[in-house]
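What follows is a set of notes on a single structure, which appears directly below.
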Amino acid sequence: MLNRRNVLAAFAAAAIGLQGFGMSAAPASAQDIIDASLRLKWLTQAQFAGFYVALEKGYYKEEGINLTINPGGPNLLTENLVATGADTFGLSGGTDSVFAARDKGMPVVCIGVSHQQTPFVFVSHKDGSVQKVEDFKDRKITTWFTGANHVLSAMLSKVGVDPKSADIQPQQVSVTPFVDKQIDVVTATRYNELYVINQRVGKDNLNLFVPEDSGVSFPRDTLIVSEQTATEKPELVERFLRASVKGWKEAFANEKEAIDIIMKIAPTLDRAQQEFMLKEVKTLMVAGKASTDGLFTIDKAAVGSANDLLAQYGVISKPVDLDKAFNSSFIDKIPAEEKRL
Amino acid sequence: MSGIKASAASLPVFSTGRVYAAIKPILWLTLGLAVIEATVVLFEIRPYYLPRPSAIAANIVATPGAYISGLWRTVLETALGFVAGSVFGVAIAIVFHRWTLLRELFFPLFVVSQTIPVIAFGAVVVLWFGNTLFAKAVISFYISFLPVTVNTLLGFNSVDPRQVQLMRSFGAKDGQILRRIYLPAALPQLFVALKLASSLALVGAIVGEWFGDTTGLGVLLLQAMYNENVVGIWATIVVSACLGMGLYSLVALAERRIVFWGNEQ
Amino acid sequence: MMVSMNSETSRQIARGIAGALLLAAIWELSARGLKLPAYVLPSVSSILSGMVSDAGNLFAAAQFTAAEALAGYAVGCLIGMAAAVLITMIPAARAVVLPLATAINSVPVVAYSPLVLLWFGMGMASKIVMVAIAVSFTIFLSTIAGLDRVDRRSVDLIRSFGASRLAVLWRLRLPTALPLIIAGMRVSTVRSVLVAIVTEMLGAYGGLGWVIYQAVLQIDFVKVWAAIIVASAISLAFFGAISFIERRYVFWK
């Protein structure tokens, strides 16, 4: 382990000079181990593989953090738990929930964005009546009323369809109504629902409508800390990010082992589905600005457009102060070479 | 008498009648499952509505560790919550019975407290009680105590006041009257409530596990629900049903023993 | 007699209100005194003003939830009582129905919710079914306990006069069982509203559970509490109504 660290440090130093060297050398003294916890947005699954890999391989320990990973659940709001100090770090819903939290005065700061692109798409049957976004008019559509509905509204507005003209209903846990053709368009995350729909309808029988194609972007899966942690323990935040990035790179470099680690914790999961999930998550995490700047990069342009979108639809009372809500100083301290795949 | 019964049962006696009595429920269960299996296969019922029982069994057998550790965790939470809820439920009933003012001030609030869906307050529960087994037991306790209080009070009300007056005239103290008259009178109703409370406590433990946990039947259920793993949902339902029935049987057994003992006095 | 009953009732109501006010005062004081942020505990006054400003929405949601809870409650009570009467009338059925009903009930109601949502959709039907499942067993157990309370000797006596099973049921068993049945019905009122709300949270087109779910995700805790208070008010009214019937018609006997 130690050898690899040193090799890595040497490599980083050679690549970016003294600054990088000093950075990598700093946390090597691990005499004072700090207890911290990471609250996920959902139950253990491959969507969070990198964190579990980092934990399993002792990357957090190496950085002097004794990390506990707490899964999420329905109606458990990560922002809330981080704001109150119940958890140190959080992998929260996304830019939407960070904005909503800031809008309500919660002292949370985003320190990294995981999914650089909108992680969900809208899906219709190829042999159905919806072939392009314009066709959404008067059709039955289900979506999540937690942000996805606004993405949908924005997509429709861009092609001149009044969002009110579509029959938009809240989406339940199951995609069965879509599979049974009771509804025309369903919302699906690329890493989860889409897998189930592919399995049951067949990949080739589906039309996918990607928000980015309509010029709408909604980055999700945001890493957050409380303002207090950000100001009082900046080095803890840095070390956490460094170990997490390392864990994710390891997970993508050795996917089989990463899935093994996940399956050990949650044995009832479907392995094939988890493998699919990790591949899709990888695509989302290295998309856009992350392809050059590396994992967890905060793309201020994409985040800003989501900010404007939510303000436009009245989800937040006014656009949030971006620089206060999104602090990229921590993730930027890690050289891009270390963060890139 | 029960001691004799127990020791007789533990003796290796192979009377055919006794063996039949023991395996009769298993026979019926097997038959029932076979009928369901045949129905599903014959009528080609989609697994999304009803999977074959053998598929459900195969699912459990494939990852027994997950179900066993989940079951054990949920058992602990439920047991803690149930015991605490029952004791507190009876204690509050005694307090409310003794002090009418307290009952009239706070009983409505107790009812109100039960109308709050704990699931809306996941964050608050984690905030107050952390990510511990104890937090789940608290929820289990919270949703199981009111039926116990309500039924115990009902049982107290069924006591004939003249009987109480009689005992008091003989110089009996409050504690004695409680033990001799009120508690025995409340036992039948109390056990009705305890049977309910046992299943409510299980609900509490399972819902409690929805607030971010790694093991437990509630976690398995959520995972299966959101991955649309219908076989997994059914597998968890079956395990929960076994647990629920086990708890219910325990309470029913206690009822038979204790109500019998109560009547004897 | 009637007068004393009324004065007792009004005293109970007064004390109930006093208890609620006491709690509200402690709540308001601790929320303000400790300067708790809204996501920990909003003050009562902010919740009340939130309720007023959002009254239209909340009222519509309350109607929705109340309709689901009432319908499910009615269905559940009927099923529970019918099943209990049935297995009392046909003792042979008891051995089959009782374990089955116990098994079904011992599964946490929430576990059925994905299946029920799958089968009955996201509309009111799925909530009514969920409430009915939850309520029917409570009523079933209470009714069985009540019907079994009858003194065996009384049954034998009446039957020796040639009374049919049905007559025994109607004349003897049901009146004896009534207090326990109503007690079960009283406990179930609260459960019915709760189950409707929890099911709405998992998937619905409206209702208080839906409002709560949305508000949690939008980090609007004042709205969460406002919806909770409306839900409590419905449950309490429901509970009060059944208690009233109980006092009027059961103990009056």
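Letters go in sequence order (proteins before strands), and every chain restarts at 1.
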Among B:Asn151, B:Leu101, B:Val192, B:Val239, which residue has the highest count of heavy-atom pairs closer than 4.5 Å to chain C? B:Leu101
If we only count heavy atoms from C-beta on, is the [X] to [Y] side-chain gap below 4.5 Å?
X        : Y        : answer
B:Met225 : C:Leu117 : no
B:Val230 : C:Leu115 : yes
C:Val198 : B:Val207 : no

Classify the ring geometry of C:Phe239 against B:Phe107: parallel below 30°, tilted from 30° to 60°, perpendicular beyond 60°. tilted
Of the non-hydrogen atoms in [X] and [Y], which two are nearest, and what is the gap between them?
X        : Y        : value
C:Gly16  : B:Pro108 : CA-CG, 4.0 Å
C:Ala18  : B:Leu105 : CB-CD2, 3.8 Å
B:Leu154 : C:Ala183 : CD2-CB, 3.7 Å

What's the spacing between C:Thr138 OG1 and B:Leu200 CG if we round to 0.5 Å? 7.0 Å
Side chain, backbone, both or neither: which part of C:Val224 has a non-hydrogen atom closer than 4.5 Å to chain B?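 Contact with chain B involves the side chain of C:Val224 alone.
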Which atoms of C:Leu22 are under 4.5 Å from chain B, going by heavy atoms: the side chain, the backbone, both sets, or neither?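 For C:Leu22, the side chain is the part near chain B, not the backbone.
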Please name all residues satisfying ring-ring contact (aromatic ring centres under 6.0 Å, His included) with B:Phe156, sequence neighbours left out, ordered by chain then number.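 ring-ring contact (aromatic ring centres under 6.0 Å, His included) check on B:Phe156 returns B:His97, B:Tyr182.
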Would you mind checking which part of B:Ile233 comes under 4.5 Å of any heavy atom in chain C, side chain (CB onward), backbone (N, CA, C, O), both or neither?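 The side chain, not the backbone.
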Please classify the contact between B:Ser113 and chain C as side chain, backbone, both or neither, with a heavy-atom cut-off of under 4.5 Å. neither
Under 6.0 Å from the OH atom of C:Tyr213, do we count more than 12 heavy atoms belonging to anything else shown? no
For C:Arg15, all residues meeting salt bridge (charged side-chain N to carboxylate O under 4.0 Å, His left out), sequence neighbours excluded: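 Counting only residues at least two positions away or on another chain, C:Arg15 forms a salt bridge (charged side-chain N to carboxylate O under 4.0 Å, His left out) with B:Glu104.
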